[in-house]
Every structure is written in structure tokens, then in C-alpha cells.
Amino acid sequence: MLGNLEGFNRTHNCGELSIENEKVNVTIMGWVQKRRDHGGVIFIDVRDRSGFVQVVFNPDLNQKAFKKAEELRSEFVVAIKGSIRKRPQGNINEELPTGRIEIEGHELKILDKADTTPFLINDDVNPGEDLRLKYRYLDLRRPMMRDMMELRHNAVKATRDFLDKKDFWEIETPLLTKSTPEGARDYLVPSRINPGQFYALPQSPQLFKQLLMISGMERYFQIAKCFRDEDLRSNRQPEFTQIDIEMSFITREDIFELTENLLRRIFALNDIQVPKEVPVMTYQEAIKQYGLDKPDLRFDMRLKNISDVVKESEFNIFSGTVKKGGQVKGIKVNNGSDFSRSQIDELEDFVKLYGAKGLAWIKIEEGEINSPIAKFLSDKELDQIIERMEAQSGDLLLFVADKSKVVANSLGNLRVKLGNELDLIDEDDYKFTWIVDFPMFEYNVEEERYVAKHHPFTSPLPEDIDKLDNDLENLKANSYDIVLNGEELGGGSIRINNKKLQHKVFDAMNFTEDEIKNKFGFLMDAFEYGTPPHGGIALGLDRIIMILGNTDSIRNVIAFPKTQKATSPLTDAPSSVEEKQLEELHINLVNLD
RNA sequence: GGAGGAGUAGCGAAGUGGUUGAACGCGCCGGCCUGUCACGCCGGAGAUCGCGGGUUCAAAUCCCGUCUCCUCCGCCA
């Protein structure tokens, strides 16, 4: 009968068998990857988590097993007894880890049969995302996905080992917690016992880890699930995992060192070196030179400011923008003068996505200037632009004139796009950098108030504290991000550990006394009882695995991810619920249309 | 909330108004085959061209709507 293991005890994993095991009797179990039926002899590749191995059924050796092997189809689950032998001369397959040996099949048991799968279980096929997610348990059988899961496990294991050695304690914090007003939209969970009230799933364990510092836990970490009800991207899922760390009695540099060593350990899993010295760049410098706060340092093409050169220019789009307080900046595409008009139009469409109104361009062709805006620029201005841009014959210059924020964002993203498309990036290069001194606040036009750029528990830079009273715009935070190849791996800060200062920060954000009390009263209370200086960092585990695993979708590093509409084709979540469940939760559905 | 791309047998994919009864590859089913490992050879089944309207003598192909997946903007302390 099917499924019964009677008489079979697994002795080896398929992928681990080698010439060392010659003449050994083995029992393997796994899935049929492939059957090659030659009529007189049948080859079966049997796959388990460790890899696969070839089993041969020969009627001359074992008629019964051979007959049984004729029934086999792909993805049948089997148990096989046999003996390891060297492959005959000329039949060694050097391509395969187990290619020097094979199993002479003596006894075959079919543990379960399988229907033809919706897609083939190998890395050569590329089924649509919805199919992969609907049959995720089959998708995960593919070597690529199996490898991702193993990599993820190893990274988490390395993290736990490393932090344990450094005297950190892994402490769990609640998933059912309190909704906080700042930041991302919360996932809410209705309380049955408290009609009309809701828990929120944590966007991060931020407040709890600070409370743990006040508790004297001193060094905390958690592989923490976090939830944010915002729109999805190729690197953003509504539930994701952070390596969450907090320490007491430390400086920013202590956190840098710890994080670098942790990353060193994790990236070593794929032989990627974290340099001895990870450079530190200020936010202001990053925006100035690269336009983004997560610069990709694998290629140059920095932004150059030509505002001063064109501020009196005839070309109104440039001079007018500068006079209104905006900027004109440009990037240089080496040997880009052969870009066609339609290619440049495409680049213009791209920067418009980021709010730019247009993209001005100048081609330097054999000393000749080719540009629709050249006629509005004086020779002197052109010369100065070329000098500022360090342009040579054959180059293409691209300019955006706008508010500084739009200029930085549009050119910064254009730079990344060109870097990728022009193949300026060495895929084997890994450029880490710290970004520090972020602005504490950003003005939110919709809410007509300042909001925290990192979070409101971030300490301002000590030398900037006075600006809390009069210069919020330029107040810098003691916060930091770790960036790799243009991807933000994580960020953190030194926290406020003082009630008075915390209160001032809330004030700056226009919180009322009542709001502070209702939303953060418990933190303010805790600050009364002896709070150590503390700080920490949260690293995006999923993004780290993406880069380590060299994949461009976060879904490939999560066993059961959601689609872009935050649904699961596998479980069909989310779904409607029974009327009775809603009643228990005191919830009435209303139609808002 | 918005922009773009995609949806054709189980999977991948060609086909942009008719003369093809919708290619091709993989898989599947049957037969043959004793050294394959992308096995080979012969034969076969399998498609309301995402769904709903419309234009036309004629629609996979053009138009409108709608659903799903992907990428991006906004959003993501």
C-alpha cells in the first residue's frame, strides 16, 4: 500500500552520495525528478532537499524492481533500496555532483503518486507569477527557490550565532499591539473582548525595544516580523522581516562596528567581502552628488550643479528656476552623443515620473555643440557648462531645472537607470556605505506640519539641539542608514532617553498634550525611571537575502509572499468571513460607494 | 489614486483583419528502444485565443468596458 515506510529506513541524502560510498547499501527517499526509459533499462533521477542522484533499474539484475519502475512518473514520491556503484567507463557525468556514481536499484516502493504538475519542476521554465504563487509548494521544489530558502536559513542562523556571541538576548515582542499615528498605515485587528477597539500589528518593534533597554536588558535582538499596510513593490511586501537590534550604553560607532561585523558574517555566506572600512557619507553629500539617500557607488556619473553658471542666462527655464530658488544640475553620459532623439525622449519621459518638467540636453560632437538649447546660451556659458561637467567630445549632457528636491530625485533615478542600461555596473562589485546626519524632520504639505524623517524617538545631533526651538528645517538627526549598491539594507539611530527632549520633539511635530499622553504616555512614563543612553538598528532581512541570492524580486526570498494586490493566490487570502465572526467582533460592514 | 507592460493547449511562446483546419519548443498519452543524464525514434490527444460588449461580410488581431499578474509614480516614521 502507498505511504507505508515499512521495511525502509532512509540512510542517505541523494545529493550527498559520492564515490566514497561505493559498494555501500543505501536507502534513499525523495521525488522522481526524471525518468529515462530505454526499454531495457530505466534511469531515474531521485531528488530530495540535498540534490539528486541517478538510480538504474536493470531487468537482468532485478526483474521485480524494474517492472515497478515502469510505473514511475515525474514527482512520484519513492523509497529505493540499492547499492552505490561507480558508473561504467564513458558514462561519468562531470556536470553533476553525483555524476560519478549511481544507485543500482534493488527494491522500489512508491510512497505516493503525483498528477502531472502545472509546470515543470526545474529552473529552466519561467511560469507566470500567479501560477507560481498558486502552486507555491511546487515552486519551492525548484532548485532556485530551495537554494533561496537555504540561504535565508543560513543568514538567520549566522545572525543568531553572531549576536549570541556578542551577548545579545533574543526577546520576542507582541504582535498585537497599539496603533501609533506616525509612519506607515497600520494593519488593524479588532478586539472581541473590547468592542470598538483595535490592536495594530507592529510596523516595527521600535517602542518595545526601547522599553527593553529601560528594563535593563542592555542588548536585545529579534528576527522580527513587521507589517505595513502600504502599496507593494518588487522589494516591498506588507509583512517582512527585520533583524532588529538595540543596545544600551553605546555610541553610534559601536553600532556601526557591530553591524559591519554582522554583515561581514552574513555576506561571507556567498563569499562577498564587506570592506575593513565602510565609508561614511552625510545625507547632504549623498543628495548633492548622487541625488538619492541610497547612492549606488559602483559607478560615477555624479550630479553637477550649474546653477551659478546659468543664473543670468537668456535661457529662461534655467535662469528663472535659479531665481525662484531652484537648481539646475546635470549628469554626463560618457560617449553618449550617439543617443537618438527618441532615446533622449524616453529619458525625458522617465524624469517626468519624478516631477521634472523636462530634460535639457547637450551633445558634444567633435568639438561641435548639438543642442536645442544652445541658441539660448552664450559661448561663455556653454564653455563654463562644459568645464563644470568635465565634458569631452562624444559626451552627452543631461540637465534638469526645478526645485532642488525634484532635481535630486529625478536625476538621481536617471543616473541609476543609465548606470544599469549602459552596463556601467560590475555585478560582482559590492559597495557598502553609511549615510548619516539625516534631517530630523520633513515638512508634510498635506498635514501642514513637520513629521519625523526616521521616527520621533530619534535623538537630534547634540550640536543641533538648539535648532529644535528655531530651525526645524536644518535640524539633523543622530540617525544612519546602511546602503549597499543603491539598496537601503537598514537604518537606525541613537534614541532620545530623556522625557523633556522627547516632549520637545513631539511639540515640534505639533502634537497636543492629549495626543502625546494617549499615544506615547507609556513611553513618557517609562522615561521617568532611569533610562540608559541607547540606540540600535533594523536591517531588512529580505533585502539582504535578495542581494545575497542575486534575485530581483522580494517574492523569491519569502516562502509564501503576496501579490502586488496583497493577496495570496494559494490560500485565497484575504477573504470575506462569516456574519457570526463579524458579530462577535462588533463589526458592521458598510458600503461606502 | 495614477502610468506603462502582459494575458493564445498543462507550461513557455509565434501570430496585428480573411487564403493556416491557430506555428514551434517543453510536458502529457501510446508504441519501440539495455547506458541515458536536455536520451532517441514513431504515433496521438490537448486551445470557448482572460472575460463581456461592439465594429465588420469576416476579429486572437480593430474599438469600449472589465478581471488578473508584473514594473513604476504617489505612498512606505
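Just so it is clear: chains get the letters A, B, ... in the order the sequence lines come, proteins before strands, and each one is counted from 1.
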For [X], which contact category applies under a 4.0 Å heavy-atom criterion: base, sugar-phosphate, or nothing?
X	value
A:Glu129	sugar-phosphate
A:Asp60	base
A:Glu102	base
A:Tyr354	sugar-phosphate
A:Thr567	sugar-phosphate
A:Thr180	nothing

Whole-Å distance between [N] [atom2] and [X] [atom1]?
X	N	atom1	atom2	value
A:Leu353	B:C75	CG	C1'	15 Å
A:Gln564	B:C69	CD	P	9 Å
A:Glu447	B:G74	CD	P	17 Å
A:Asn420	B:C72	CG	P	12 Å

Any carboxylate oxygen within less than 4.0 angstrom of a Lys/Arg side-chain nitrogen, looking at [X] and [Y]?
X	Y	answer
A:Asp345	A:Arg341	yes
A:Lys504	A:Asp507	no
A:Glu75	A:Arg47	yes
A:Arg185	A:Glu230	yes

Under 3.5 Å, is there a donor-acceptor pair between the [X] and [Y] side chains?
X	Y	value
A:Tyr450	A:Glu473	yes
A:Thr282	A:Asp437	no
A:Gln210	A:His534	yes
A:Asp402	A:Gln327	no

- Contact residues, residues 83-98 of chain A to RNA chain B [heavy atom, < 4.0 Å]: A:Arg85, A:Arg87, A:Pro88, A:Asn91, A:Asn93, A:Leu96
- Query: Heavy-atom contacts under 4.0 Å between residues 498-515 of chain A and RNA chain B, which residues?
  - Reply: none
- Message: Between A:Phe438 and A:Tyr283 (judged by ring centroids, cut-off 6.0 Å), do the two rings come close enough to count as a pair?
- Response: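 Judged by ring-centre distance (under 6.0 Å), A:Phe438 and A:Tyr283 do meet the cut-off.
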- Query: When the aromatic ring centroids of A:Phe520 and A:Phe457 are compared, is their separation below 6.0 Å?
  - Reply: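 Between A:Phe520 and A:Phe457, the centre distance is under 6.0 Å.
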So does [Y] get a backbone contact from the side chain of [X], meaning a donor-acceptor N/O pair under 3.5 Å?
X	Y	answer
A:Arg36	A:Ile44	no
A:Ser50	A:Gly15	yes
A:Arg132	A:Pro127	no

Select one nucleotide: of [options], the one nearest the side-chain heavy atoms of [X].
X	options	answer
A:Gln54	B:C75, B:C72, B:G35	B:G35
A:Phe43	B:G35, B:C70, B:C69	B:G35
A:His38	B:C11, B:C75, B:C39	B:C39
A:Asp130	B:C70, B:U68, B:U34	B:U68
A:Ala184	B:C72, B:U34, B:C76	B:C76

Any donor-acceptor pair under 3.5 Å between the side chain of [X] and the base of [N]?
X	N	result
A:Arg228	B:C76	no
A:Asp124	B:G12	no
A:Glu446	B:G74	no

For [N], take OP1 and OP2 only and decide whether either is under 4.0 Å from a side-chain N or O of [X].
X	N	result
A:Lys565	B:U68	yes
A:Thr563	B:U68	no
A:Arg36	B:A38	no
A:Arg555	B:U71	yes

Paired with [N] by Watson-Crick or G-U wobble geometry, both distances under 3.5 Å: which nucleotide is it?
N	answer
B:U68	B:A6
B:U16	none
B:C62	B:G54
B:G40	B:C32

Shorter than 3.5 Å, N or O on both sides, protein versus nucleotides 27-31 of chain B: list them out with atom names.
residue: B:G27; atom: OP1; partner: A:Lys34; partner atom: NZ; Å: 3.4
residue: B:C29; atom: OP1; partner: A:Arg73; partner atom: NE; Å: 3.0

- Query: Centre of A:Phe350's six-membered ring, under 6.0 Å away, within 45 degrees of the axis: is that where NZ or CZ of A:Lys417 sits?
  - Reply: yes
Take atom [atom1] in [N] and the same atom in [M], then report the distance between them in whole Å.
N	M	atom1	value
B:G46	B:G27	C1'	11 Å
B:U55	B:C72	P	40 Å
B:G17	B:G12	C1'	27 Å
B:G44	B:G50	C1'	29 Å
B:A14	B:C37	C1'	30 Å
B:A47	B:A9	P	10 Å
B:G15	B:G30	P	34 Å
B:G43	B:U56	P	46 Å

- Task: Mind telling me whether A:Phe511 and A:Phe506 have parallel, tilted or perpendicular rings, with 30° and 60° as the class edges?
- Result: parallel
- When you match A:Asp552 and A:Gln203 each to their closest nucleotide on RNA chain B, which lands nearer the 5' end?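 The residue whose closest nucleotide sits nearer the 5' end is A:Asp552.
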